[in-house]
Amino acid sequence: MPVRRRQGEDEVLARMRQQHGLIGRSQALESGMTSGQIERRLRTGQWRRAARGVYQHAATDRTRLSRLLAVCLAHDALASHTSAAAIHNIDGYTLERIEVVVAAGRKLSVKGARIHKSTQMDLARSTVRMAIPVTGVARTVLDLAAVVNRERLDDTIDAVVRDGRLRLWDLYQVLVSHARRGRNGCGALRAALDARMGDGGVPLSRWSRMVADLLVESGLGQPRFEYPVHAFGGDFIAQVDLAYPDRRLAIELDSVRWHHNLRSFSHDRQRRNRLLLAGWDVLNFTWDDYSRRPNQLCAAVAAALAPAVPSSTKSVEKHVV
């Protein structure tokens, strides 16, 4: 047997050992096997069909894990919802059913499996555990919020926070990134998180990074953190939470804990006036703006960053109209 063919077969066998006895047709071909070799193994009973374009070595048993992986390989899917929770070993979940998510728009039905469809596959933060492609832990919790009751959702949040895999603000981030496009589960997860955290639960430095991540995901560019603003003469004016210096835009994040007292009320407005006089635009946002109205937050920043329309152009447009 030629060395190259032998190496290809060895690679396929090694992959099957890693993948619960499974190999996808495309994987086998990429490893150097031919269509004839695949068909011969099926014909002789060395391999058996596990799903469309997916084969299992006859020496391995069919298990729930192999069944789940076969569906993922056959349909370019990710283990999701309760299946993902089981794969991530989240307390309270076992692999009792096959649940996967695929891109929306596909007509797909698989006997014995529940197929979810998503327009947000790019936000799934997929990973591989036990050789199974699976949605990330935070996305998995959001998916579960759409299909489990409040008591079980609370238990799930407890489990992932207790073992240190996620913090509450990690869950807020996945909530906000998905809520911008609208999807099931966001309301339930927000209610569960709000009940735990309340105002001021997220450190300001962490919140700044969460807002910055939201703006970057919206295509608005990376803002500067804790940016010092100086007057035209060089005197220091203020340090703002986030800034786009090239556009002279300051973004201030207002917390009830730190800003709702008489001294802060007066100081914040004096500070804002100084920034405006120095030629800076200032946008102020609250935690509710971030967690409940992320689309509006991003739209406001986008509008502030948009190039100014020259006054001459404005007058021409008005005349034409």
Side-chain angles (χ1 to χ4, degrees), residues 1-90 93-140 143 178:
M1 180 182 295
V3 174
R4 184 176 179 183
R5 183 180 300 178
R6 178 73 261 172
Q7 289 175 337
E9 292 190 5
D10 289 345
E11 184 178 328
V12 166
L13 286 173
R15 199 161 197 173
M16 294 179 95
R17 282 192 290 268
Q18 296 169 354
Q19 296 184 160
H20 309 286
L22 299 174
I23 192 77
R25 182 179 183 85
S26 60
Q27 293 176 330
L29 295 174
E30 288 169 3
S31 296
M33 292 190 73
T34 66
S35 296
Q37 288 174 308
I38 293 173
E39 295 305 319
R40 185 160 54 251
R41 279 157 179 73
L42 292 169
R43 191 169 55 251
T44 60
Q46 288 180 267
W47 292 1
R48 56 176 176 257
R49 298 183 189 277
R52 186 186 67 189
V54 181
Y55 316 111
Q56 185 166 19
H57 200 287
T60 59
D61 295 328
R62 290 186 175 96
T63 65
R64 285 176 177 167
L65 284 173
S66 68
R67 169 65 173 152
L68 176 58
L69 179 56
V71 174
C72 291
L73 290 174
H75 303 290
D76 191 25
L78 298 175
S80 68
H81 296 73
T82 60
S83 288
I87 296 300
H88 283 300
N89 198 29
I90 297 175
Y93 294 90
T94 57
L95 190 56
E96 298 176 355
R97 64 186 305 179
I98 305 300
E99 288 193 86
V100 300
V101 62
V102 299
R106 297 173 56 186
K107 294 182 178 180
L108 181 62
S109 176
V110 179
K111 185 178 180 180
R114 184 176 181 182
I115 309 296
H116 300 272
K117 297 180 181 180
S118 173
T119 60
Q120 301 172 323
M121 293 296 285
D122 58 316
L123 300 178
R125 300 290 191 269
S126 64
T127 186
V128 176
R129 285 180 57 87
M130 295 188 285
I132 310 289
V134 59
T135 53
V137 178
R139 167 65 175 263
T140 297
D143 286 339
H178 286 75

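These values consider heavy atoms only, across backbone and side chains, with no hydrogens, waters or symmetry-generated copies. In this chain, numbering begins with 1 at the start of the sequence shown.
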- Message: Please evaluate residues Arg49 and Tyr55 with respect to the criterion side-chain contact (heavy atoms from CB on, under 4.5 Å), reporting the C-alpha separation (whole Å), side-chain torsions for both, the decisive distance (0.1 Å), and the verdict.
- Response: CA-CA 5 Å; Arg49 298 183 189 277; Tyr55 316 111; 3.6 Å; yes
Find the distance between [atom1] ([X]) and [atom2] ([Y]) and round it off to the nearest 0.5 Å.
{"X": "Gln19", "Y": "Gln56", "atom1": "CD", "atom2": "CD", "answer": "11.5 Å"}
{"X": "Gln18", "Y": "His20", "atom1": "CD", "atom2": "NE2", "answer": "10.5 Å"}
{"X": "Asn89", "Y": "Arg129", "atom1": "CG", "atom2": "CZ", "answer": "6.5 Å"}
{"X": "Gln27", "Y": "Leu22", "atom1": "CD", "atom2": "CG", "answer": "9.0 Å"}
{"X": "Met33", "Y": "Arg41", "atom1": "CE", "atom2": "CZ", "answer": "3.5 Å"}
{"X": "Leu123", "Y": "Arg125", "atom1": "CG", "atom2": "CZ", "answer": "6.0 Å"}

- Is Ser66 reaching over with its side chain to a backbone N or O of Arg62, donor-acceptor style, under 3.5 angstrom? no
I want to check something: taking the side chain as every heavy atom from C-beta on, are [X] and [Y] in contact at a cut-off of under 4.5 Å?
{"X": "Tyr93", "Y": "Thr140", "value": "no"}
{"X": "Val101", "Y": "Asp143", "value": "no"}
{"X": "Leu69", "Y": "Pro133", "value": "yes"}

For [X] and [Y], work out which heavy atoms get closest and say how close.
{"X": "Leu95", "Y": "Arg64", "answer": "O-CD, 2.9 Å"}
{"X": "Gln37", "Y": "Gly32", "answer": "OE1-O, 4.2 Å"}
{"X": "Met121", "Y": "Ala103", "answer": "CG-CA, 3.8 Å"}
{"X": "Ala28", "Y": "Ile38", "answer": "CB-CD1, 3.9 Å"}
{"X": "Val102", "Y": "Ala77", "answer": "CG1-CB, 3.5 Å"}
{"X": "Ala58", "Y": "Gly45", "answer": "CB-O, 3.2 Å"}

- Please walk me through it: do Val110 and Val100 pass side-chain contact (heavy atoms from CB on, under 4.5 Å)? CA-CA 10 Å; Val110 179; Val100 300; over 6 Å; no
- Query: Can a donor-acceptor pair be found between the side chains of Glu96 and Thr94 at a distance below 3.5 Å?
  - Reply: yes
- Could you walk me through whether Val137 and Thr127 pass side-chain contact (heavy atoms from CB on, under 4.5 Å), step by step? CA-CA 9 Å; Val137 178; Thr127 186; over 6 Å; no
- Arg106 atom CZ, neighbour heavy-atom count above 12 within 6.0 Å: yes
- Message: So, applying side-chain contact (heavy atoms from CB on, under 4.5 Å) with Ser83, which one of His88, Arg114, Glu99 is it?
- Response: Glu99
- Message: Taking ring pair (Phe, Tyr, Trp, His ring centres under 6.0 Å) as the definition, give me every residue that meets it alongside His81, ordered by chain and number, with sequence neighbours left out.
- Response: His116
- Verdict with supporting geometry, Arg52 and His75, side-chain contact (heavy atoms from CB on, under 4.5 Å): CA-CA 8 Å; Arg52 186 186 67 189; His75 303 290; 3.6 Å; yes
- Message: Taking side chain to side chain donor-acceptor pair (under 3.5 Å) as the definition, give me every residue that meets it alongside Ser35, ordered by chain and number, with sequence neighbours left out.
- Response: Arg25
